[in-house]
Amino acid sequence: MSFIEIRDISKSYGDVPVINGLSMSVEQHQVVSLIGPSGSGKSTLLRCINGLEPIHSGEILVHGDRITGPGVDVDALRRQIGIVFQGYNLFPHMTVLENVTLAPIQVLKQPREAAEERAMTLLKRIGLAHKAKEYPDRMSGGQQQRVAIVRALAMDPMVLLLDEITSALDPELVSEVLNIVRDLAQEGMTMLLATHEMGFAREVSSKVCFLCDGSVYEEGPPEQIFGDPQRERTRGFLRSIREAKRI
Ligand SMILES: Nc1ncnc2c1ncn2[C@@H]1O[C@H](COP(=O)(O)OP(=O)(O)OP(=O)(O)O)[C@@H](O)[C@H]1O
Ligand SMILES: [Mg+2]
């Protein structure tokens, strides 16, 4: 069985179907990228895996445990599945260190000292230990996004879900965030990421899934999806991305 198994899931908002019989899997230590047009369901899928959105049918299993349906402890699930969004969502009234240690102290009941020590180790690794006492609004977008990743890592998640984490950043700040993801991939962190950084997806992913109308339209190794896509809409999407870059 795969580490994450998504089996034939569907979800609608009101009458509007957003996820339509979507199935896919992620192996442990794999990095899987979700690409596809705006509105194809990438963010919704990540939110369903994190238990932020209920699904209407199908099932999701993580590490063999069914995480959807009645009787699932959503809080326990969220402790094990980290999610980072485009907008970093750091608490503005808390320092970097307070942001990173909040959940470990309140949710995991770690002693403050241990939580701070671990937070400092993580901050050091991303070169931001000197910003521990700083407030988020006095930092660059790239720095804030790196702190948001560290905040997720401080919970020692089994899986990290990343939703367009570079899309709010100025181009010169994108690479510092992608470097962290690259390092995490090398360390074997299991990650599922929605991205429109196609070059990055090609480089870092074990598998790329092209989403279209709420289901996986084509999936395969990055060389195939980017170099030799098999299906019409995948080709059309990649063509439009390349054309947009040329303008
Ligand atoms: N809270 C919501 N209420 C109603 N409709 C929603 C909600 N969130 C998303 N949708 C709709 O669901 C569809 C899928 O949205 P989703 O955000 O998953 O797409 P996406 O692939 O992440 O797009 P993007 O590339 O623009 O981030 C869209 O049509 C969107 O309008
Ligand atoms: Mg999205």
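No experiment lies behind these values; they were computed from the predicted model shown. Atoms within each ligand, like the ligands themselves, are counted from 1 in listed order.
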Original post:
Looking at ligand 1, does any of its N/O atoms fall within less than 3.5 Å of an N/O of G39?
Top reply: yes
Original post:
Any side-chain donor-acceptor pair under 3.5 Å between E27 and S2?
Top reply: yes
Original post:
Are the charged groups of R235 and E218 less than 4.0 angstrom apart, N to O?
Top reply: no
**OP:** Note the single closest protein heavy atom to atom 25 (O) of ligand 1, along with its residue, its atom name and the distance in Å.
**Re:** K42 NZ, 2.7 Å
Original post:
Aromatic rings Y217 and F210: how do their planes relate, parallel, tilted or perpendicular, breaks at 30° and 60°?
Top reply: perpendicular
Original post:
Do ligand 1 and E53 have nitrogen or oxygen atoms that lie under 3.5 Å from each other?
Top reply: no
Original post:
Taking NZ, NE, NH1 and NH2 as the nitrogens, is one of them in R79 or D156 under 4.0 Å from a carboxylate oxygen of the other?
Top reply: no
Original post:
Considering only protein heavy atoms, which is closest to atom 9 (C) of ligand 1, and at what distance to one decimal place?
Top reply: Y13 CE1, 3.5 Å
Subject >> Atom indices of ligand 1 within 4.0 angstrom of S40 heavy atoms, with elements >> reply: 19 (O), 21 (O)
**OP:** Could you check atom 26 (O) of ligand 1 against the protein and tell me its nearest heavy-atom contact, residue, atom and distance included?
**Re:** S38 OG, 2.5 Å
Subject >> Note: R78-D73 ion pair, threshold 4.0 Å (strictly below) >> reply: no
Original post:
N/O/S atom of S43 under 2.8 Å from the Mg ion (ligand 2), yes or no?
Top reply: yes
Original post:
Do you know which two heavy atoms are closest between S10 and G21, and how far apart they sit?
Top reply: OG-N, 3.0 Å
**OP:** Using modelled atom types only, decide if a donor and an acceptor are shared between the side chain of R146 and the backbone of I180 within a distance under 3.5 Å.
**Re:** no
Original post:
Distance under 6.0 Å and angle within 45° of the ring axis: does R151 meet both against F91?
Top reply: yes
**OP:** For P37, take its heavy atoms, then give the atoms of ligand 1 lying under 4.0 Å from any of them.
**Re:** 21 (O)
**OP:** Around atom 15 (O) of ligand 1, find the nearest protein heavy atom and jot down its residue, atom name and distance.
**Re:** T44 OG1, 3.7 Å
Subject >> Check: G41 N/O within less than 3.5 Å of ligand 1 N/O >> reply: yes
Original post:
For atom 27 (O) of ligand 1, what is the nearest protein heavy atom, given as residue, atom name and distance?
Top reply: S43 OG, 3.9 Å
**OP:** Return a yes/no value: protein heavy atom under 4.0 Å from atom 13 (C) of ligand 1?
**Re:** yes
**OP:** Of the side chain and backbone of A194, name the one, both, or neither that has a heavy atom under 4.0 Å from an atom of ligand 1.
**Re:** neither
Original post:
Yes or no on side chain to side chain donor-acceptor pair (under 3.5 Å) for N179 and R182, after CA distance, side-chain angles and deciding distance?
Top reply: CA-CA 5 Å; N179 281 337; R182 203 174 273 127; 2.5 Å; yes
